[in-house]
Amino acid sequence: MGTATSTQKNVYGKPLQPCCMDPVTGFFRDGFCHTMDNDLGRHIVCALMTEEFLNFSLSKGNDLITPNLEWGFPGLKPGDRWCLCAERWKEALKAGVAPPVFLEACHQQSLDIIPLTILQQHAMH
């Protein structure tokens with residue numbers, strides 16, 4: 001599956017790159033931060049999980065740490081990559097705990113919510 005490609009675009013207008021295959025992330029659980037109209041949370045920001053962000057998300061009522069096997073969710077730990085809701089990432093930014101992002105794997109619609117310059121300041125290199 002390492003040769004998977006996407007027809008959706010990243011923040012640079014190029015083909016969206018995979019975010020993570022282990023654990024398999026994305027609204028569609030295809031490893032990409034793909035989106036469509038029924039993705040109400042807009043899971044389009046590929047980020048590197050940090051302990052600070054995971055605890056912040058938990059404090060906001062979104063437990064990303066505890067596995068939920070009913071939904072095929074393994075539970076996340078620091079160091080995992082995950083497609084986050086753009087609004088949650090922006091909220092974490094305001095709280096000073098925004099996790100690093102992988103720009104090539106962030107969907108172009110992220111730019112509707114977060115300016116590219118802000119994403120670039122938090123990019124993994």
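Hydrogens, waters and symmetry mates are skipped; everything else that's a heavy atom, side chains included, is used. Nothing fancy with the numbering, it's 1 onward along the sequence.
The CG atom of Asp63 sits 9.0 Å away from atom CG of Asn68, with the distance rounded to the nearest 0.5 Å. Between Gln120 atom CD and Tyr12 atom OH the span is 4.5 Å, to the nearest 0.5 Å. Summarising the geometry, atom CG belonging to Asn38 is positioned 7.0 Å from atom CG belonging to Leu40; distances are rounded to the nearest 0.5 Å. Interatomic distance, OG1 of Thr117 versus NE2 of His122, reported as 9.5 Å (0.5 Å rounding). Note: Glu91 CD to Phe56 CZ = 4.0 Å, rounded to the nearest 0.5 Å. A distance of 5.0 Å separates CG in Leu54 from CD1 in Ile65, rounded to the nearest 0.5 Å.
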Practice problem: Please lay out, stage by stage, how Val97 and Asn55 fare under the test side chain to side chain contact (heavy atoms under 4.5 Å, CB included). | Solution: CA-CA 10 Å; Val97 294; Asn55 289 330; over 6 Å; no
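Shortest non-hydrogen contact noted between Gln8 and Ser6 is N-OG, 3.0 Å. The two residues Asn10 and Leu103 have their closest heavy-atom pair at CB-O, 3.9 Å. Across all their heavy atoms, Pro99 and Met49 have their closest contact at CG-CE, 4.5 Å. Between His34 and Phe27, the closest heavy-atom pair is O-CB, 4.1 Å. Nearest heavy atoms, Val24 versus Asp30: CG1-N, 3.9 Å. Val45 and Ser110 make their closest contact through CG2-OG, 3.7 Å (heavy atoms, listed as atom of the first residue, atom of the second, distance).
Disulfide criterion (SG-SG under 2.5 Å) for Cys19 and Cys46: met.
Tested against Glu104, the residues Met124, Lys14, Gln17 include a single side chain to side chain contact (heavy atoms under 4.5 Å, CB included) partner, Gln17.
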Give the table of side-chain donor-acceptor pairs shorter than 3.5 Å for residues 73-84, with sequence neighbours excluded, one pair per line with atom names and distance.
from  : atom 1 : to    : atom 2 : distance (Å)
Lys77 : NZ     : Asp80 : OD1    : 3.1
Asp80 : OD2    : Lys77 : N      : 2.9

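A continuous path of ILVMFWY side-chain contacts below 4.5 Å connects Val101 to Val11, so both sit in one hydrophobic cluster. One hydrophobic cluster, built from ILVMFWY side chains closer than 4.5 Å, cannot hold both Phe32 and Leu119; they sit in different ones.
With sequence neighbours excluded, the residues satisfying side chain to side chain contact (heavy atoms under 4.5 Å, CB included) with Asp112 are Arg42, Gln109.
Around atom CD of Gln121, more than 12 heavy atoms belonging to other residues, nucleotides or ligands sit under 6.0 Å away.
For the pair Trp89 and Ile113, the minimum side-chain heavy-atom distance is 4.5 Å or more. At least one side-chain heavy atom of Leu48 sits less than 4.5 Å from a side-chain heavy atom of Phe102.
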